[in-house]
Amino acid sequence: MKRSGSRRAAVVVLRAVMGLVALVLLVAGAWSSWDAAHHVVLAQGREHGTLTVTECGAETCTGRYEPDATSSARARVTVERSVAAEVGDRFPVVVRPGTDAVVRTGVPGLLHAWMPLGGAMVLAGFVIGGGVRMPRAAWAVGTAGAALLVATFVAL
């Protein structure tokens with residue numbers, strides 16, 4: 001009888017720990033995504049313009065920045081290579097305050113900004129399904145994360 005009670009307690013503790021691991025994964029994904037996403041989501045009052053990609057390196061691409069009516073001109077700006085398809089492409093961007101770095105806006109930029117959260121959701125789905133033993137929630141979280149990753153791939 002005593003063993004049965006201690007096993008139940010161990011299962012409850014294990015599920016609580018796995019739930020905490022899943023929560024940490026999701027919070028870390030959201031935190032990582034917010035670095036770029038807040039420039040896209042809260043773009044009001046920031047400098048907007050259009051980037052024309054002129055050259056690409058291993059990690060970043062540079063190009064000409066054509067400001068809109070309220071933005072100041074810049075000779076060159078940089079963007080992550082993963083959001084710049086190839087030389088000659090043009091897309092809307094928002095300038096990170098105090099830098100010459102830009103973040104792609106619009107639906108492709110928004111999806112790309114939230115990509116780390118999508119990956120964290122896929123990983124958390126496995127933890128929720130295997131560790132917490134909640135298969136429906138695991139499928140929902142994992143599928144939503146995978147859908148975000150696929151949508152980002154298609155949009156870019």
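Throughout, numbering of the chain's residues begins at 1 and tracks the sequence. Computed over heavy atoms, backbone and side chain alike; hydrogens, waters and symmetry mates excluded. None of the values given here were measured: they were computed from a predicted structure.
Here the rule is side-chain contact (heavy atoms from CB on, under 4.5 Å) with Val93, and of Val40, Val102, Thr50, Val103 only Val102 fits it. Of the options Leu25, Thr143, Leu26, a side-chain contact (heavy atoms from CB on, under 4.5 Å) to Met121 is made by Leu26 and by none of the others.
Between the CD1 atom in Ile128 and the CE atom in Met18 there is a gap of 11.5 Å [rounded to 0.5 Å]. Between Asp89 atom CG and Thr52 atom OG1 the span is 9.5 Å, to the nearest 0.5 Å. The OG atom of Ser33 sits 10.0 Å away from atom NE2 of His112, with the distance rounded to the nearest 0.5 Å. Atom CG of Asp100 is separated from atom OG1 of Thr62 by 11.5 Å, given to the nearest 0.5 angstrom.
Proximity of Leu51 to Val77: side-chain heavy atoms (C-beta onward) are separated by under 4.5 Å at one or more points. Using a 4.5 Å heavy-atom threshold, the side chains of Glu55 and Arg76 count as touching. The closest side-chain heavy-atom distance from Val41 to Trp114 is below 4.5 Å. Contact annotation: the side chain of Thr60 never approaches that of Glu80 to less than 4.5 Å [non-hydrogen atoms, C-beta and beyond].
The hydrophobic cluster containing Leu149 also includes Met115, Val122, Phe126, under a criterion of side-chain heavy atoms closer than 4.5 Å among ILVMFWY residues, counted directly or through chains of members.
No continuous path of hydrophobic side-chain contacts links Val150 to Leu123 [ILVMFWY only; heavy atoms under 4.5 Å]. At a threshold of 4.5 Å between side-chain heavy atoms, the hydrophobic network of Ile, Leu, Val, Met, Phe, Trp and Tyr places Val17 and Leu20 in two separate groups. Both Val132 and Val13 are part of a single hydrophobic cluster, where members link through side-chain heavy atoms under 4.5 Å apart. Both Leu42 and Leu117 belong to a common hydrophobic cluster when Ile, Leu, Val, Met, Phe, Trp and Tyr are linked at side-chain heavy-atom distances under 4.5 angstrom.
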Val53 vs Phe91, test: side-chain contact (heavy atoms from CB on, under 4.5 Å). Steps then yes/no. CA-CA 9 Å; Val53 179; Phe91 46 85; 3.9 Å; yes
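Residues satisfying the side-chain contact (heavy atoms from CB on, under 4.5 Å) criterion with His48, sequence neighbours excluded, are Ala43, Asp68, Val94. Arg133 pairs by the salt bridge (charged side-chain N to carboxylate O under 4.0 Å, His left out) definition with nothing, not counting sequence neighbours. Under the salt bridge (charged side-chain N to carboxylate O under 4.0 Å, His left out) criterion, Glu59 pairs with no residue at all, not counting sequence neighbours. Residues satisfying the side-chain contact (heavy atoms from CB on, under 4.5 Å) test with Ala36, not counting sequence neighbours, are Arg96, Ala113.
Defined by atom type and a distance below 3.5 Å, a donor-acceptor pair is present between the side-chain atoms of Ser71 and Tyr65.
When all heavy atoms of Pro67 and Ser72 are compared, the pair lying nearest together is CB-O, 3.9 Å. When all heavy atoms of Ala138 and Gly125 are compared, the closest pair comes out as CB-O, 3.1 Å. Between Val87 and Thr54, the closest heavy-atom pair is CG1-O, 3.4 Å.
Residue pairs that meet the salt bridge (charged side-chain N to carboxylate O under 4.0 Å, His left out) test with at least one member in residues 39-50, sequence neighbours left out, are Glu47-Arg74.
Between Glu66 and Arg90, at least one side-chain N (NZ, or NE/NH1/NH2) sits under 4.0 Å from a carboxylate O, which counts as a salt bridge.
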